[in-house]
Amino acid sequence: MRLSAYFLPTLRETPSEAQIVSHRLMLRAGLIRQSSAGIYSWLPLGLRVLRRIERIVREEQDAAGGQELLMPTIQPAELWRESGRYEDYGKEMLRIKDRHEREMLYGPTNEEQITDIVRQAIKTYRDLPKLLYHIQWKFRDEVRPRFGVMRGREFLMKDSYSFDLDYDGAVRAYNRMFVAYLRTFARMGLKAIPMRAAAGPIGGDLSHEFIILAETGESQVFCDKSLVEFEILDTPINYDADLRPVVERWTAPYAATDEKHDPAVFDRLPADRRLQARGIEVGHIFYFGTKYSKAMGAVVTGAKGESVTMEMGSYGIGVSRLVGAIIEASHDEAGIIWPDSVAPFAVGLINLRPGDAGCDRACEDLYAKLQGAGIDVLYDDRSESPGAKFATFDLIGLPTQLVVGPRGIKSGTVEVKHRRTGQREELSADAALTMLTAQR
RNA sequence: CGGAGCGUAGCGCAGCCUGGUAGCGCACCAGACUGGGGGUCUGGGGGUCCCGGGUUCAAAUCCCGGCGCUCCGACCA
């Protein structure tokens, strides 16, 4: 993509409503624009990041045995009356009426909808287990939306639902999601720590929140510092095997949100391992048994001909929130620093002097070859001052900047700058290409 | 839902107290110079001053009502 043609409205100054760094940077870097309180448009650069996050989420869900479907945003009130939540959910649920005065709602979540689908289709234990998920926009009419996409009213969420014949099956599903979540967040460069959590209005009694530590987080959390050092991606995972050892390793050290915090246990930790911090909740998993299946009659015939109410769990990831959360975890004074896995473009190619034959030729050549190699590259071909170009690319945070200027052209080199470290190297154009294509 | 604040050009703001031709910086447009960290100069365009009502010869400014947005708290993924 040529920057001269790209829709990338960056801001030099920070809009006054943005208080936290991720919100400021998302506005300044041209990722989002606010539509109304807690509701945002995603501009091309922001949408690219959102899609890349979605992709990681999808890959990990699929690997863990999930099957993707897509449920609607607008749901009928009757389903929610069946579960009893139409009244319970309160003012956070956006209620609307269609032209026939039928009561509808904009879904804040989809337990009822999925339970309805599954109860209609699954009648025998032979068709269990099932693990279904979708990635869809949700609406919760928050009293006080804030922090940009971190607590919006409209937000993109991945929600999975498991259906099992018995408790053991439900726990297996829970463990699969537990591990898939660890991998999902790790792939985005995040240190997400699973913490014992209250189940909230969704109900149930086995629940973990996945929390990344950040000063601007809304949750107060307490955990064993050793958890911060844990790694998941170097552990081979077989989702068909017993995942309990992995889950047990991650749940053995103390980690709890303030709702589940037990000071007596926490204080038994050595002082240097007690970590009390703020965190951002990026995922939440629940086992809730038959809460919905019982209320809504999601029943199968068991092996002995008996009726069995399905065991359920639900598992959410705040996809749009993750964009903000990743920025909170990865930025500096100059702007965003995207982890490679979610970067909107892998490479920013900077032509320091458009119009200079040597620079133009070298840039066009690199641009074509990088694209040919399947690398997403944003080519700054604008006639801006060099400083403006560096500032733009630092702001939008692409992992690698490839700088082509007259100085380098004279000596036959281009400069490769790594956004995260600031490290620069002068290489021949060919060597730079080899390096960038090899990284993939 | 309690408390506080703000709505003036795309963004950041001044002007309001004390009513009298709507300003500044950045951004934008044109030209020239410049060219490795948001460069310089010259010229230029852009405004229902959130909306409605009232007071007044005259309202961005004073008064009343509404709407929107933000912050702190409680609540919540």
Side-chain angles (χ1 to χ4, degrees), chain A residues 9-20 23-24 27-28 30 33-39 89-93 107-111 138-159 181 195 197-202 207-212 217-219 257-259 279-286 314-322 324-325 333-335 350-356 359 380 382-396 401-411 413-415 417 422 424 426:
Chain A
T10 57
L11 302 172
R12 274 183 81 154
E13 285 165 293
T14 304
S16 57
E17 75 269 15
Q19 297 300 306
I20 64 166
H23 190 194
R24 286 202 298 268
L27 290 167
R28 285 195 55 213
R33 285 296 180 265
Q34 181 165 336
S35 169
S36 58
I39 303 180
Y89 220 94
K91 289 182 125 180
E92 276 195 20
M93 175 142 69
T109 175
N110 290 66
E111 279 82 6
K138 305 291 188 287
F139 194 92
R140 294 184 193 174
D141 200 357
E142 294 283 335
V143 222
R144 184 146 103 81
R146 64 186 117 175
F147 303 149
V149 300
M150 301 264 281
R151 179 165 295 283
R153 292 194 293 170
E154 187 182 61
F155 58 99
L156 188 61
M157 180 163 116
K158 186 286 300 176
D159 38 325
Y181 276 34
M195 307 208 180
I202 293 181
S207 176
H208 284 88
E209 285 185 22
F210 288 75
I211 289 188
I212 65 168
E218 293 186 272
S219 314
T257 62
D258 54 354
E259 299 156 309
I280 301 166
E281 179 185 347
V282 289
H284 198 159
I285 60 178
F286 305 86
S314 81
Y315 317 89
I317 290 180
V319 176
S320 48
R321 173 182 284 181
L322 272 167
E333 286 300 301
I350 300 182
N351 186 344
L352 283 179
R353 195 162 314 169
D356 174 275
C359 289
D380 191 347
R382 301 170 304 165
S383 43
E384 292 286 335
S385 71
K389 296 187 174 191
F390 291 129
T392 297
F393 274 95
D394 283 352
L395 175 63
I396 68 173
Q401 295 170 17
L402 191 51
V403 184
V404 177
R407 216 167 64 190
I409 291 295
K410 233 172 262 172
S411 57
T413 61
V414 298
E415 182 182 292
K417 180 189 152 190
R424 301 150 190 259
E426 303 257 326

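Since we're looking at a predicted model, the values are computed, not measured. Chain identifiers are assigned alphabetically (A, B, ...) following the order of the sequence lines, protein sequences preceding nucleic acid strands; residue numbering begins at 1 within each chain.
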Between B/G37, B/C11, B/G38, which one does the side chain of A/Arg424 approach most closely? B/G37
CZ of A/Arg24 versus P of B/G12: gap in Å, rounded? 13 Å
What distance, rounded to whole Å, do you find between the two C1' atoms, one in B/A4 and one in B/C51? 23 Å
Under-4.0 Å side-chain N/O to phosphate OP1/OP2 contact, A/Ser385 with B/G35: no
Name the pairing partner of B/C76, where a pair is Watson-Crick or G-U wobble with both distances under 3.5 Å, or state none. none
Quick one: A/Asp394 CG to B/G37 C1', roughly how many Å, whole number? 8 Å
C1' gap between B/U48 and B/A59, integer Å: 15 Å
Write down the partner of B/C71 under the Watson-Crick or G-U wobble criteria, each distance required to be under 3.5 Å. B/G3
Look at the side chain of A/Arg144 and decide which nucleotide, out of B/A74, B/G35, B/G38, has an atom nearest to it. B/A74
I'd like the C1' distance from B/G68 over to B/A77, given in whole Å. 26 Å
Compare the minimum distances between each of B/G36, B/C11, B/G12 and the side chain of A/Ser16, then state the nucleotide with the smallest one. B/G12
Measuring only the P atom in each nucleotide, how far is B/U42 from B/G25? A whole number of Å is fine. 11 Å
Which nucleotide, B/C71, B/U70, B/G36, lies nearest any side-chain atom of A/Arg146? B/C71
Find the partner of B/A60: check Watson-Crick (N1-N3 plus N6-O4 or O6-N4) and G-U wobble (N1-O2, O6-N3) distances, both under 3.5 Å, and reply none if neither fits. none
Separation of A/Tyr181 atom OH from B/A77 atom P, in whole Å? 14 Å
Under-3.5 Å donor-acceptor pair between A/Glu384 side chain and B/G38 base: no
Side-chain atoms of A/Glu209 come closest, of B/G38, B/A77, B/C76, to B/A77
Donor-acceptor contact below 3.5 Å, side chain A/Arg151 vs main chain A/Pro145: no
Rounding to an integer number of angstrom, what distance separates B/G45 and B/C28 when you compare their C1' atoms? 8 Å
Rounded distance in Å - NE2 (A/His208) to P (B/A77): 17 Å
Examine B/C1: is either OP1 or OP2 under 4.0 Å from a nitrogen or oxygen in the side chain of A/Lys91? Give yes or no. yes
Given the C1' atoms of B/C29 and B/U70, what is the spacing between them in whole Å? 33 Å
Please classify the nucleic acid contact of A/Gly283 as base, sugar-phosphate, or nothing, using heavy-atom distances under 4.0 Å. nothing
Taking atom P of B/C76 as reference, at what distance in whole Å does atom CD of A/Glu154 sit? 23 Å
Would you mind pulling out the nucleotide paired to B/U48, Watson-Crick or G-U wobble, both distances under 3.5 Å? none
Taking for each residue the nucleotide of RNA chain B bearing the nearest heavy atom, is the 5' side occupied by A/Ala391 or by A/Ser35? A/Ala391
Taking the P atom in each of B/C41 and B/C26, what is the distance between them to the nearest angstrom? 9 Å
Closest nucleotide of RNA chain B for A/Lys389 versus for A/Glu13: which of these residues is on the 5' side? A/Glu13
Both distances below 3.5 Å, Watson-Crick or wobble geometry, any strand: find the nucleotide opposite B/G35. none
Out of B/C11, B/A74, B/U70, which nucleotide sits closest to the side chain of A/Glu17? B/U70
Nearest-Å distance, CE (A/Met93) to P (B/A77)? 14 Å
Is any side-chain nitrogen or oxygen of A/Gln19 closer than 4.0 Å to OP1 or OP2 of B/C72? no
Base partner of B/A9, which must satisfy Watson-Crick or wobble distances under 3.5 Å: none
Are A/Ser314 and A/Glu111 close enough that a side-chain donor and a side-chain acceptor fall under 3.5 Å? yes
Ignoring hydrogens and geometry beyond distance, is the side chain of A/Arg28 in donor-acceptor contact with the base of B/G38 at under 3.5 Å? yes
Using a heavy-atom cut-off of 4.0 Å across all strands, would you classify A/Lys417 as base, sugar-phosphate, or nothing? base
Distance check, P atoms only: B/G35 and B/U40, in whole angstrom units. 14 Å
A/Glu92 near the nucleic acid: base, sugar-phosphate alone, or nothing, with a heavy-atom cut-off under 4.0 Å? sugar-phosphate
Spell out yes or no: do the side chain of A/Arg12 and the base of B/A27 have one donor N/O and one acceptor N/O closer than 3.5 Å? no
Determine, answering yes or no, if A/Phe390 is stacked on B/G36 under the 5.5 Å centre rule and the 30° plane rule. no
Measure from the side chain of A/Val143, starting at C-beta and using heavy atoms only, and say which of B/C1, B/A77, B/G38 lies closest. B/C1
